[in-house]
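Input: a single structure, listed below in structure tokens.
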2 protein chains.
Amino acid sequence: MSTSTATLMDGTALARRTVEETAARAAEITRRTGVTPCLATVLVGADPASVTYVKMKQNRCAKAGIRSKHVELPAETTTEELVAAITALSEDPEVHGILLQHPVGPHIDERAAFEAIAPEKDVDGVTMASFAAMGFGLPGFVSCTPGGIMRLLDAYDVELSGKRAVVVGRSAILGKPAGLLLLGRDATVTYCHSRTQDLSSVVREADVLVAAVGKPNFIKGEDIKPGAVVIDAGYNPGNIGDVDFASAAERASLITPVPGGVGPMTIAVLLAQTVEGAERQLGL
Amino acid sequence: MSTSTATLMDGTALARRTVEETAARAAEITRRTGVTPCLATVLVGADPASVTYVKMKQNRCAKAGIRSKHVELPAETTTEELVAAITALSEDPEVHGILLQHPVGPHIDERAAFEAIAPEKDVDGVTMASFAAMGFGLPGFVSCTPGGIMRLLDAYDVELSGKRAVVVGRSAILGKPAGLLLLGRDATVTYCHSRTQDLSSVVREADVLVAAVGKPNFIKGEDIKPGAVVIDAGYNPGNIGDVDFASAAERASLITPVPGGVGPMTIAVLLAQTVEGAERQLGL
């Protein structure tokens with residue numbers, strides 16, 4: 001049994017509030033303009049997990065008063081065909097946000113596909129324009145999981161300025177943008193990854209730890225600085241996070257559970273950004 | 001007197017070799033196509049330091065067989081006028097690279113001006129597209145000073161994978177891209193800045209230190225980890241770096257002098273990238 005003393009960061013509750021606010025904004029858009037905000041979801045192939053994710057996102061859209069337009073493409077779709085399909089959505093005035101479900105298959109140039117998303121519809125925050133905007137602190141959409149992490153930190157009044165933040169993982173849509181957003185909030189940010197030597201000693205420096213590495217129970221409580229804020233953005237089979245929760249909760253001051261921490265925030269940010277996109281595109 | 005034991009990283013010599021190679025490539029372009037690679041320099045106003053910088057860059061272009069096309073605009077130029085001038089250069093097939101001399105005056109939206117540079121002509125590495133390419137490890141131009149730092153590290157065979165790199169400073173064209181390039185080479189990267197608490201203890205972790213903060217002699221030798229590689233990208237009045245050279249050289253294994261370290265590499269990378277741009281645009 002855990003002798004947890006940490007406060008749980010309740011992503012489920014925060015996501016619910018975020019989605020409620022988003023639904024109210026969506027309804028207001030529809031009331032004022034007659035237009036319902038619309039998220040286009042693009043799925044290539046029929047990977048069961050991807051099918052489930054997309055269906056879940058569509059259901060969540062529906063509950064928030066966001067229309068979804070689904071584009072399903074066969075697994076053998078070429079890069080050119082996928083780029084053409086996404087370009088059509090970028091140009092469709094009835095679509096306010098575009099989500100390309102990852103992964104798209106190894107024969108496709110995923111970066112080219114992402115870049116076909118118009119920056120003003122990149123509500124999933126995956127384009128190079130969105131990445132640079134996060135890096136420079138300019139207006140734009142954030143990657144959804146890092147955006148959800150920042151909302152959680154703010155909801156729990158976590159001081160970031162001058163604090164040491166350690167991000168474990170450097171993916172283009174999670175670790176890297178999370179570090180840039182933390183840097184933009186004046187944290188002293190360290191990026192760790194698979195090549196990092198003596199990871200334990202780096203993790204021990206963290207006032208705020210973001211684990212985004214995709215290895216179950218990879219980070220142990222003995223490496224958590226007492227009083228640290230621990231954000232577990234890991235998503236591993238069996239709903240297991242990257243942080244060994246029981247041991248970490250004994251030392252952290254605040255910690256996200258898995259599930260119910262970062263996960264629900266990711267989709268909440270997707271919905272919120274879709275509605276923001278609709279507001280901007282409709283000139284509201 | 002310093003009891004320096006560190007090896008100097010000779011940016012002057014490396015820059016000379018880089019420019020020689022660049023000049024040979026420029027001559028080859030001219031020989032094969034009849035076209036001389038061309039860098040457009042854009043200067044707004046008549047700030048004496050900026051005038052000197054631009055003149056120096058033009059002279060260095062001339063010596064490397066690169067044509068320069070100079071656009072001088074009055075200090076009262078508006079953002080719209082500057083964007084229009086840069087857009088014209090972006091569309092001019094005779095121009096292969098574009099450099100907008102910083103600063104442009106507080107009434108101008110400098111980011112909008114930078115973004116008018118076509119990514120394929122952004123040989124100074126200042127656009128959001130170039131920033132994102134550095135972040136994602138995609139082909140593109142690097143910011144010149146960080147690019148020069150990476151060339152220096154490579155010339156001195158500095159191992160980066162798994163090492164702790166600390167970047168002091170987070171500007172859009174120096175600190176931030178330097179960190180991304182080091183991360184792309186598998187260093188464990190920490191960004192420090194004005195809000196960092198207990199900077200000394202963070203600097204002491206650095207196997208590779210990049211000082212890019214713009215405060216003369218700001219980093220003292222007592223904070224240099226013995227054997228560290230020290231890159232001083234500071235440029236302060238009187239040719240003084242950000243690192244207190246005498247005390248740092250007693251502990252570093254390798255160190256860049258100021259002047260003669262990073263400085264000469266910046267312009268060498270600008271020239272090299274201009275020729276690369278010309279090669280690509282001419283289909284060579």
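Given the structure is predicted, the values throughout are model-derived calculations rather than measurements. Throughout, protein chains are lettered first and strands after them, A, B, ... in sequence-line order, and every chain is numbered starting at 1.
Within residues 108-132 of chain A, the residues having any heavy atom under 4.5 Å from a heavy atom of chain B are, by residue number, R111(A), M128(A), A129(A), F131(A), A132(A).
Within a 6.0 Å sphere centred on CZ of R185(B), other residues, nucleotides and ligands contribute 12 heavy atoms or fewer. Within a 6.0 Å sphere centred on OH of Y53(A), heavy atoms belonging to other residues, nucleotides or ligands number 12 at most.
Under a 3.5 Å cut-off, the side chain of K176(A) and the backbone N or O of G135(B) do form a donor-acceptor pair.
Every residue meeting the side-chain contact (heavy atoms from CB on, under 4.5 Å) condition with T266(B), not counting sequence neighbours, appears here in chain and number order: C144(B), T145(B), V262(B).
Proximity to chain B (any heavy atom under 4.5 Å) is shown, for V202(A), by both the backbone and the side chain. Heavy-atom distances place both the backbone and the side chain of A133(A) under 4.5 Å from chain B. Contacts of L199(B) with chain A are absent, with no heavy-atom separation under 4.5 Å from either backbone or side chain.
Comment: R164(A) engages E205(B) in a salt bridge, judged by a side-chain N to carboxylate O separation of less than 4.0 angstrom.
Scanning both residues, R170(A) and L183(B), for their nearest heavy atoms gives NH1-O, 2.9 Å. Listed here is the closest heavy atom pair of T188(B) and Y191(A): CG2-O, 3.3 Å. In plain terms, the two heavy atoms of D186(B) and R195(A) that are nearest each other are OD2-NH1, 3.0 Å.
With a 4.5 Å cut-off on side-chain heavy atoms, Q197(A) and D207(B) do not count as touching.
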